[in-house]
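What follows is a set of notes on a single structure, which appears directly below.
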Amino acid sequence: MRTLIISDLHHHTENADHWLATQPHDRVVFLGDYFDDFGDDVSDARRTAMWLRDRIEKTDDVFLIGNHDISYMFPNAPELYCPGFTPAKARGIAEILRPEHWRRLRLAHAEQGWLISHAGFHPMWLKEPTVEAFLNLCDLAMKRANRGGTDPFLGAGADRGGSQPIGGPLWMDWNTLIPIAGIHQIVGHTPGGQVREKIKRDSKNYCLDVRNGSVAAILSNGKVEILELHPAKTPSV
């Protein structure tokens with residue numbers, strides 16, 4: 001099994017298309033943050049929404065939710081708004097992505113011994129952290145959101161200007177991530193000039209958020225291979 005993992009795009013779907021065309025793969029996992037970029041507008045949002053809709057309708061890809069996506073998934077929930085969100089972009093996206101499309105998005109995915117999410121999981125959420133327990137928390141949080149409720153698990157922590165001590169899997173900054181014994185994580189969310197890692201004997205962790213999808217990874221037989229575009233092909237942030 002070769003799983004292609006593609007991090008935060010922020011409208012730069014051409015980088016995703018490059019990895020999809022050049023890397024043999026059996027499955028694709030997107031780490032979220034498809035939307036929002038500096039200086040973007042409704043036309044950018046609509047173009048990305050159409051690209052995402054096409055992938056959702058034609059593939060079995062795994063689509064994770066980022067903090068820049070959940071605002072548009074729940075446009076009437078201001079507690080979930082993210083910098084970059086505008087009502088105009090929300091209206092444009094809503095004309096393209098219907099509820100049945102949004103239902104394909106999830107907070108986390110586990111495979112080959114790895115827990116994969118947009119921003120990662122902190123051990124403070126559970127007395128005895130396990131992959132299954134984190135996935136259960138994700139399911140509960142999304143059920144509450146779909147009922148119109150508020151769940152701190154979807155909120156931002158102090159490291160991203162939030163009111164709670166630690167953010168959940170949409171918001172936690174990479175610098176706050178603590179390796180959890182027995183759990184290996186792959187995340188995006190925190191931009192940087194290169195892939196970052198936190199490696200312990202019993203916990204490996206990678207952050208892939210580099211220049212709008214200019215870095216990707218292959219997960220095969222439980223091992224991670226980092227892929228990087230040539231610098232000349234890298235878009236400006």
Hydrophobic cluster identity match, [X] and [Y], side-chain contacts under 4.5 Å:
X	Y	answer
Val210	Ile5	yes
Leu135	Ile116	no
Leu154	Leu64	no
Tyr34	Leu20	yes
Met172	Leu208	no

Does [X] reach the side chain of [Y], with side-chain heavy atoms less than 4.5 Å apart?
X	Y	result
Val62	Val28	no
Phe153	Arg144	no
Arg106	Cys138	no
Arg211	Glu228	yes
Ser7	Val215	no
His189	Arg160	yes
Asp17	Trp51	yes
Asp40	Lys89	yes

Should we say atom [atom1] of [X] is surrounded by more than 12 heavy atoms from elsewhere, each under 6.0 Å from it?
X	atom1	result
Glu132	CD	no
Asp60	CG	no
Gln194	CD	no

Using modelled atom types only, decide if a donor and an acceptor are shared between the side chain of [X] and the backbone of [Y] within a distance under 3.5 Å.
X	Y	result
Thr13	Ala16	no
Asp159	Asp173	yes
Asp41	Ser43	yes
Tyr81	Pro75	yes
Ser203	Ala181	no
Gln23	Leu4	no
Arg55	Phe63	no
Asp8	Leu31	no
Asp202	Gly182	no

On a heavy-atom basis, which atom in [X] and which in [Y] lie closest, and how many Å separate them?
X	Y	result
Gln164	Ala156	CG-O, 3.0 Å
Pro87	Phe85	N-CE2, 4.0 Å
Leu9	Gly213	CD2-CA, 4.1 Å
Glu111	Val29	OE1-CG2, 4.3 Å
Trp171	Cys82	CH2-SG, 3.7 Å
Glu14	His11	OE1-O, 4.2 Å

- Query: Taking Val224 as the fixed residue, which of Val195, Ile186, Thr3 is the one that meets the side chain to side chain contact (heavy atoms under 4.5 Å, CB included) rule?
  - Reply: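 Only one of Val195, Ile186, Thr3 forms a side chain to side chain contact (heavy atoms under 4.5 Å, CB included) with Val224, namely Ile186.
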
Measuring from [X]:[atom1] to [Y]:[atom2], what's the distance to the nearest 0.5 Å?
X	Y	atom1	atom2	value
Asn205	Trp114	CG	CH2	7.0 Å
Asp54	Ile96	CG	CD1	12.0 Å
Phe35	Arg46	CZ	CZ	11.0 Å
Asp36	Tyr72	CG	OH	3.5 Å
Glu79	Ile70	CD	CD1	9.5 Å
Arg104	Leu97	CZ	CG	12.0 Å

- Query: Distance only, no hydrogens: is a donor on one side chain within 3.5 Å (strictly under) of an acceptor on the other, for Asp209 and Trp174?
  - Reply: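 No, no side-chain donor-acceptor contact under 3.5 Å.
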
- Run the numbers on Asp37 and His12 for side-chain contact (heavy atoms from CB on, under 4.5 Å), then give the verdict. CA-CA 9 Å; Asp37 196 7; His12 288 272; 3.5 Å; yes

- Message: So that I know where these two stand, are Trp125 and Phe134 an aromatic pair - ring centroids less than 6.0 Å apart?
- Response: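 Distance test on ring centres: not under 6.0 Å, no.
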
- Task: Please lay out, stage by stage, how Glu57 and His101 fare under the test side-chain contact (heavy atoms from CB on, under 4.5 Å).
- Result: CA-CA 8 Å; Glu57 292 181 346; His101 299 118; 2.8 Å; yes

